[in-house]
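The sequence lines fix the lettering, A, B, ..., with proteins before strands; numbering per chain opens at 1. For clarity, every value in this text was computed on a predicted model and none was experimentally measured.
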Amino acid sequence: MIRVQREDFDVGVELERLAAGNHRIGGLSSFIGLVRDMGGEERVSALTLEHYPGMTEKKLGEMETEAHRRWPLDAVLIIHRYGRLEPGDRIVLVATASPHREAALAACQFLIDWLKTDAPFWKSEETPAGERWVESRAEDEAARRRWKLCP
Amino acid sequence: MIRVQREDFDVGVELERLAAGNHRIGGLSSFIGLVRDMGGEERVSALTLEHYPGMTEKKLGEMETEAHRRWPLDAVLIIHRYGRLEPGDRIVLVATASPHREAALAACQFLIDWLKTDAPFWKSEETPAGERWVESRAEDEAARRRWKLCP
Amino acid sequence: MKLLYFAWLRARIGCAEEELDLPPEIREVAGLLDWLQSRGGRYAEALRDLSVVRVAVNQNYVGLEHPVREGDEVAIFPPVTGG
Amino acid sequence: MKLLYFAWLRARIGCAEEELDLPPEIREVAGLLDWLQSRGGRYAEALRDLSVVRVAVNQNYVGLEHPVREGDEVAIFPPVTGG
């Protein structure tokens with residue numbers, strides 16, 4: 001399941017719901033991305049996430065489908081927020097459930113790696129020196145390449 | 001932090017507490033192990049987890065220390081339950097928090113892999129054919145070897 | 001054709017969305033970007049370094065040689081930084 | 001010496017914990033396991049296949065050649081299956 005929203009989410013409720021009633025699930029892996037108070041050397045007082053409505057849902061849906069194709073998963077959840085967020089706020093939740101831990105763990109890592117390079121979100125940070133757009137990281141491209149995805 | 005307990009735990013509360021007030025954290029990775037209703041071909045109606053009090057805490061503590069040595073982590077949490085559990089019940093929570101997602105994800109996988117082969121817990125399953133002890137899996141040993149831990 | 005701009009490309013061009021009557025000689029993304037640069041001013045400046053420009057046609061990432069047609073939704077933006 | 005048994009080893013031996021006056025000729029884990037097997041009955045049966053037996057001395061995993069001493073806590077159990 002895919003959700004793109006301004007509002008915060010309740011991690012406990014979301015993870016509970018993901019596995020509820022499905023006793024085939026043996027492993028539930030999750031990753032939560034949070035707003036940090038530092039961006040490089042600069043103190044960050046807030047972050048604004050812009051996205052491309054329509055394409056965001058499409059790309060996240062493709063990622064969900066590809067994860068199901070690669071691993072035996074019982075459930076996938078991606079929630080990504082947009083709008084203005086402050087340090088400590090949740091940005092993203094990726095969760096995967098499978099009979100076996102290996103599949104859940106690998107799929108969760110795959111999804112967050114792919115999401116970092118391909119989900120159309122952009123961050124701008126509020127710093128003492130003014131507002132600035134976050135630059136993409138070469139490490140994120142390297143992490144994506146691990147999964148042998150088409151360009 | 002390490003906890004070995006009979007009682008269930010609240011995933012939302014635990015993860016919230018792990019990151020609370022620390023705005024250096026950018027990634028929070030977690031794994032939850034759940035009781036499955038199948039063990040191989042057999043239907044499992046319940047599971048009893050036995051452990052070695054004293055050694056369990058010692059081994060989990062060593063795992064926490066080693067994770068901190070290998071990755072820049074702001075927090076580590078391992079909660080493992082013992083006693084009688086039913087399908088869908090939570091068994092274990094491993095959670096790791098770091099400024100960067102790579103460290104959080106790798107450390108979480110490392111901890112659950114190591115825990116599987118070295119934390120002194122044993123499962124017995126209640127099946128229609130009677131009670132039986134779960135056998136260890138060769139895949140778990142292989143997963144452990146990935147991390148180049150001493151034997 | 002609908003053109004969309006995001007993040008600093010939107011901010012530099014000063015526009016989030018515009019309708020364009022595609023000049024008939026433009027058949028590919030590369031030609032579209034050339035044509036936008038040729039408008040000068042904010043466009044020329046924003047699109048100066050194409051190594052930091054990504055393009056999606058109808059919500060799929062595409063390369064410079066990808067065809068563009070009247071009726072397409074073309075989005076132009078920097079490398080993404082979500083998650 | 002304190003001996004602890006867990007899981008099916010505990011169930012087969014029918015005992016979770018016992019105190020043992022270590023015979024002075026026993027200096028290593030291997031010797032201790034031999035000696036326990038030589039008790040016969042449930043011990044001999046439970047310890048028949050040492051490939052599925054693990055040993056911890058003072059809560060550390062050890063091999064068959066590890067020394068054992070009076071006062072040690074020695075635990076004998078099958079491969080672990082938690083998590």
Counting only heavy atoms not in [X], do more than 12 sit closer than 6.0 Å to its [atom1] atom?
{"X": "D/D49", "atom1": "CG", "answer": "yes"}
{"X": "D/R48", "atom1": "CZ", "answer": "no"}
{"X": "B/R137", "atom1": "CZ", "answer": "yes"}
{"X": "D/R69", "atom1": "CZ", "answer": "no"}
{"X": "B/E16", "atom1": "CD", "answer": "no"}

Do [X] side-chain atoms and [Y] backbone N/O form a donor-acceptor pair below 3.5 Å?
{"X": "B/W122", "Y": "D/P78", "result": "yes"}
{"X": "D/Y61", "Y": "B/D118", "result": "yes"}
{"X": "D/T81", "Y": "B/S136", "result": "no"}

Comparing B/F121, B/Y52, B/F31 against chain D, the one with the most heavy-atom pairs below 4.5 Å turns out to be B/Y52

Closest non-hydrogen atoms of D/Q59 and B/K59, given as atom of the first, atom of the second and distance, are O-CD, 4.5 Å

task: For the residue pair B/K116 and D/V80, establish whether any side-chain heavy-atom pair is separated by less than 4.5 Å.
output: no

Stepwise side chain to side chain contact (heavy atoms under 4.5 Å, CB included) test for D/V52 and B/E135
CA-CA 10 Å; D/V52 287; B/E135 287 185 31; over 6 Å; no

Separation between CE (B/M55) and CZ (D/F77), nearest 0.5 Å, reads 4.5 Å

So, the part of D/R10 with a heavy atom under 4.5 Å from chain B: the answer is side chain

Turns out that what part of D/A7 lies under 4.5 Å from chain B's heavy atoms comes down to both

Whatever's closer than 4.5 Å to a heavy atom in chain D on B/S124 counts as neither

Honestly, the part of B/K58 sitting under 4.5 Å from a heavy atom of chain D is side chain

